[in-house]
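See below for the structure under consideration.
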Amino acid sequence: MVNPRPLHIGITCYPTVGGSGILASALGEELARRGHEVHFISYERPFRMPVGAPRLHFHPVVINDYELFKYPDYTLPLSVKMAEVTRDCALDVLHVHYAVPHATAAILARAMSPEAKRPRVVTTLHGTDTTLLGRDAGYGPAIRHALMRSDAVTAVSAWLRDETHRLLAVDRPIDVIHNFFAPKTPRRSREDVRRELGLRDEAMIVHLSNLRPVKRIDLLLETIARVRPREAFKLVILAGGDFSPFLEQVRRLGIEDRVLVRENVVDVEDYLQAADLGLFTSQSESFCLSLLEAMWFGCPSVSTTVGGIPEVVTSGETGVLVPTADPDALARGVESLLNDPDRRQTIGRAAQARARTAFCADAIVPQYEALYRRVCDGA
Ligand code: GMT
């Protein structure tokens, strides 16, 4: 069989810390490794994008400051850059991650391109683009418009697909393509990381997130304050954001000696391999990439039963799900793993096996490649 020709793919995402940007960067890297030319188009280089990798390119969007504008506009310069890269690099596909404002910019870029050279537009919904902005009357109709006019739309879980149909009344098929994880090899040993954190016999409970309100950091801290025995663990928060607004709560709960924070960590793998269990208390989560990252390293997690998380974890088998946002119930869930190393190990191993089979790059990236071929062939 003849190998299909490599594709030229433009990827736009939020380049700073956040699940959608991390996922998009990893996808770009994997696509380039598989022989495709990948062009990132954004206001900044995605923070996990490797420098100097073959077939990976970055095109910055420059935004000029005009006194006339009270609020600087990003959508138009982004769409112009998308059209320019499409023309100069013969893009087949513009794959945008997070609908706002990327999908609208891509639709405009496609309309600006000469008819014979129009790229296909693939929009991937990640979560709050539907669940938060989709409900906002100032955004909803524009999101719906861009989704209806995309050549394909994907969602990172069946739950998010259904929510999108429900909230946005988007009457079109949405493909479900779950998150994947392709970790870097840790650079330090488990012992080195634990030494850095000053851990002795305590179990390391890990939480990774961008600390946005939807992550319920208040609930995370309330839960930790209730876990017993308190000297048996430390909570390590890998924060993609400023933790200082939560310091007052940490003091009030008297858990200063139980909580360690590391902000904007790039080498998450180093910390994950050193962790014993994870804790995620989100109010909504379309998939929860951080949970998958922990599973990959055999680290079982306790999490709220929200959104697409039940597609990732089966309670009692590959993790522990707690149906209510109740700190006492969450603390009992944590204790059920903390105080039972055998159970922790059994669930951790099952979580790792599930992560490495169902949510590895080889299982997920070909689904995106097949989708690109489908929209390109359907010209
Ligand atoms: O988690 C966030 O708030 C960041 C957000 C994003 O769009 O950057 O993450 C979303 O995308 C991730 C990758 O697809 C998903 O794993 C997260 O579950 C999702 N977050 C929410 O739905 C809150």
Side-chain angles (χ1 to χ4, degrees), residues 7-14 19-21 23-24 27-28 31 41 75 78-79 82-83 86 91-113 115-180 284-287 289 306-308 310-312 363-379:
L7 295 168
H8 294 210
I9 303 155
I11 294 185
T12 291
C13 62
Y14 282 103
S20 60
L23 196 278
L27 176 61
L31 289 166
I41 307 166
T75 312
L78 173 62
S79 66
M82 284 171 160
T86 299
L91 295 188
D92 299 293
V93 175
L94 278 170
H95 185 179
V96 295
H97 293 261
Y98 206 88
V100 182
H102 306 146
T104 301
I107 298 300
L108 192 52
R110 187 181 62 191
M112 280 191 277
S113 304
E115 208 170 327
K117 299 193 171 158
R118 284 194 178 149
R120 300 287 175 260
V121 174
V122 175
T123 299
T124 289
L125 295 164
H126 283 269
T128 46
D129 38 5
T130 285
T131 57
L132 189 68
L133 300 176
R135 293 173 202 262
D136 183 331
Y139 284 99
I143 299 173
R144 185 173 186 281
H145 171 270
L147 296 182
M148 291 305 290
R149 280 162 183 74
S150 295
D151 294 288
V153 177
T154 79
V156 299
S157 61
W159 174 84
L160 183 59
R161 174 198 61 201
D162 297 346
E163 280 296 279
T164 306
H165 281 138
R166 190 176 71 82
L167 287 170
L168 286 159
V170 173
D171 178 21
R172 62 161 300 156
I174 298 176
D175 290 80
V176 173
I177 304 184
H178 286 128
N179 284 177
F180 71 96
S284 172
E285 202 68 66
S286 58
F287 182 94
L289 183 57
V306 292
E311 293 170 50
V312 187
I364 302 295
V365 178
Q367 297 183 40
Y368 281 114
E369 287 179 290
L371 180 77
Y372 300 150
R373 301 268 177 216
R374 192 180 89 205
V375 291
C376 288
D377 292 350

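None of these values were measured; they are calculated from a predicted model.
- For the pair F180 and L27, the minimum side-chain heavy-atom distance is below 4.5 Å.
- Residue V375 comes nearest to R120 through the heavy atom pair O-NE, 3.0 Å, listed as atom of the first residue, atom of the second, then distance.
- Closest non-hydrogen pair, T131 versus L167, comes out as CA-CD1, 4.2 Å.
- A 4.5 Å side-chain heavy-atom check between R373 and C376 finds every atom pair outside the cut-off.
- Listed here is the closest heavy atom pair of D129 and A99: OD2-N, 3.0 Å.
- Among residues at least two apart or in separate chains, salt bridge (Lys or Arg N to Asp or Glu O under 4.0 Å) pairs with a member in residues 134-151 are R110-D151.
- For L168 against G134, the heavy-atom pair with the smallest separation is CD2-O, 3.7 Å.
- Ring geometry for H95 versus Y372: interplanar angle over 60°, hence perpendicular rather than tilted (30 to 60°).
- In this structure, CG in L7 is found 8.0 Å from CD in E369, a value given to the nearest 0.5 Å.
- Shortest non-hydrogen contact noted between H126 and Y98 is CD2-N, 3.6 Å.
- Looking at L108 and T75, their side chains never come closer than 4.5 Å, going by heavy atoms from C-beta outward.
- Residues D92 and I9 are not in side-chain contact: their nearest non-hydrogen atoms beyond the backbone lie 4.5 Å or more apart.
- Relative ring orientation between H178 and F287 is described as tilted, the plane-to-plane angle lying within the 30° to 60° band.
- Across all non-hydrogen atoms, the minimal contact from S286 to S157 is O-OG, 2.7 Å.
- Annotation: the span from T130 atom OG1 to E163 atom CD amounts to 8.5 Å, rounded to 0.5 Å.
- Residues R172 and S150 meet the side-chain proximity criterion, which asks for heavy atoms closer than 4.5 Å.
- Counting heavy atoms from C-beta on, the side chains of T154 and Q367 never come closer than 4.5 Å.
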